[in-house]
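The next block holds one structure in the form of structure tokens; read it before the comments.
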Amino acid sequence: MPSGMELFPASDLSQWELIKTVINECDYYVVIVGGRYGSVHKSTGLSFTEMEYDYATAQGVPVLGFIRKDLKKVASEFVETDPVARAKLEAFREKVMSRTCRQFDEPVELGMMVMKSLMNEMRTNPRIGWVRANQARGKEDIEREQALMDEVTAKDKAIKKLERQVRDRSVPLQGIDRGDLAQGSDVYRLTATFQDRNKRLVSTEIPLSWDEIFSVIAPAMYGYILRKGAPGYNKLVGSYSFEGGLIEYVRTRIVDQCGTRQINILPHQIDDILIQFRQLGLMAMVEKTKEDDGEDFRGYSLTSAGEEYLTRLKVKVKGVPLEEATELIG
């Protein structure tokens, strides 16, 4: 929406204040310098055009300058004849040409030159622009837009969290079905290390069924479990909360060898066990953030299938042997 200086009479300073207000609201300032210097302000001695130019540049308004190249081709009636005015015009032309500007020979070039320059400036240096009042955004529109943006951000976080949950469950293995995996009564040989009576480090293998292992460690996994960092070690080195129960269960198998001495289970075997139960669909990686409950963690938890399987292993049916009870419940 153009706002030309010809719309404002150059009479006194109050009009100049009005012109400054208009420039402040403009996105771009276009100055076209021909053969006349223009009306001079009585207080400054400068033309209103040059005052506008100086004010626009001082306010950081993008300026597009266009200069008539050869004033000799301009009709004499449109060229300054007064020496003082001509000197001021030349100084103003030099000022405009000291910045990026375009020069034209004939008026017919000017229209296309201004249009191209404006389009390029709007593309490379976009400004606020002007919209009709019935298209402008009100406070309610801005608040509604912000609420929608917040909702989109929250949903993006939820989607990413669900994607991680899906990723953290069992991994499809080419050519291997879940029924092919070791489970139930199949045996896993757990290695325990401890010092014998002569304080020599020894190790022994304890055969445990997968059901035995699951029934020992799973009760401690309701909710979630994390690997706790061991004092003096890297945060990635430590133990899970269920390991104490598993160690004591192992102790019952080798109590004649280890007595009450400390027993250790190889950390990689603990990881093997968790991965196996994860692949069986009995456990899954879980993740929570501070936004959920004020705490960040990533660890293991029982799946709904894992909780049901643990219940089948643990529940007692009155008056029925364990084997038969398992068949009844199953």
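The figures that follow rest on heavy atoms only: side chains count, while hydrogens, waters and symmetry mates do not. Quick caveat: nothing in here was measured; it's all calculated off a predicted structure.
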Could you check if a side-chain atom of Phe66 sits within less than 4.5 angstrom of a side-chain atom of Gln103, using non-hydrogen atoms only? no
Just by distance, do the side chain of Glu121 and the backbone of Tyr28 share a donor-acceptor pair under 3.5 Å? no
Flag side-chain contact, heavy atom, 4.5 Å: Lys73 against Asp70: yes
A side-chain contact here means heavy atoms from C-beta on lying under 4.5 Å apart; do Pro219 and Leu310 qualify? yes
Heavy-atom pair with the smallest gap, counting every atom of Pro207 and Val187: CB-CG1, 3.6 Å
What pair of heavy atoms forms the shortest contact from His41 to Phe48, and how long is it? CD2-CZ, 3.3 Å
Test item: Leu280 and Phe214 side chains (from C-beta on) under 4.5 Å apart, heavy atoms: no
Donor-acceptor pair, distance only, cut-off 3.5 Å: does the side chain of Glu80 make one with the backbone of Tyr37? yes
Tyr309 OH to Lys314 NZ distance, which is reported to the nearest 0.5 Å: 12.5 Å
Applying salt bridge (charged side-chain N to carboxylate O under 4.0 Å, His left out) between Asp105 and each of Lys72, Arg68, Lys69, report the one that passes. Lys69
Work out which heavy atom in Gly184 is nearest to a heavy atom in Ser209; give both atom names and the distance. O-CB, 3.6 Å
Close side-chain approach of Leu274 to Phe242, heavy-atom, < 4.5 Å: yes
Hey, are Glu212 and Arg253 close enough for a salt bridge, meaning a charged N less than 4.0 Å from a carboxylate O? yes
Pairs flagged by ring pair (Phe, Tyr, Trp, His ring centres under 6.0 Å) wherever residues 79-114 is involved - sequence neighbours left out: Tyr53-Phe92
Just by distance, do the side chain of Asn120 and the backbone of Ser117 share a donor-acceptor pair under 3.5 Å? no
Taking Gly281's backbone N and O only, do any of them form a donor-acceptor pair with Thr303's side chain (distance below 3.5 Å, no angle check)? yes
Inter-residue atom distance Glu90.CD - Leu71.CG, 0.5 Å rounding: 6.5 Å
Please check if the side chain of Arg127 supplies one atom and the backbone of Asp27 the other of a donor-acceptor pair under 3.5 Å. yes
To the nearest 0.5 Å, how far apart are CD in Gln195 and CG in Asn264? 9.5 Å
Any carboxylate oxygen within less than 4.0 angstrom of a Lys/Arg side-chain nitrogen, looking at Arg312 and Glu308? yes
So, the side chain of Asp196 versus the backbone of Asn198: is there a donor-acceptor pair under 3.5 Å, distance only? yes
Distance alone, cut at 3.5 Å: any donor-acceptor contact between the side chains of Gln146 and Asp150? yes
Any chance the side chains of Glu52 and Tyr29 put a donor and an acceptor closer than 3.5 Å? yes
pair Leu89-Arg36: side-chain heavy atoms closer than 4.5 Å: no
Donor-acceptor contact below 3.5 Å, side chain Asp180 vs main chain Asp177: yes
Give the minimum heavy-atom separation between Asp211 and Ser185, together with the two atoms involved. OD2-N, 4.3 Å
To the nearest 0.5 angstrom, please state how far the NZ atom of Lys155 sits from the CD atom of Glu151. 5.0 Å
Measure the CZ-NZ distance between Arg261 and Lys199 for me, rounded to the nearest 0.5 Å. 10.5 Å
Assess the residue pair Lys95 and Glu50 against the criterion (salt bridge (charged side-chain N to carboxylate O under 4.0 Å, His left out)); give the C-alpha distance rounded to whole Å, side-chain angles, the decisive distance to 0.1 Å, and a yes or no. CA-CA 9 Å; Lys95 181 188 293 186; Glu50 186 168 3; 2.7 Å; yes
Student check: side-chain heavy atoms of Phe277 and Trp210 closer than 4.5 Å: yes
Does Ile142 CD1 have over 12 foreign heavy atoms under 6.0 Å away? yes
Side-chain donor or acceptor of Arg102 paired with backbone N/O of Ile67 under 3.5 Å: no
Counting C-beta onward and ignoring hydrogens, is there a side-chain heavy-atom pair between Thr191 and Ile265 closer than 4.5 Å? no
Donor-acceptor contact present, side-chain Gln269 to main-chain Arg189, <3.5 Å: yes
For Cys258 and Ile263 the tightest heavy-atom approach is SG-CD1, 3.6 Å
Can you give me the closest heavy-atom contact between Val63 and Ala56, atom names plus distance? CG2-CB, 4.2 Å
Hey, what do you get for OG (Ser98) to CZ (Arg93), rounding to the nearest 0.5 Å? 13.0 Å
Under 3.5 Å, side chain of Glu145 to main-chain N/O of Glu143, donor-acceptor pair present? no
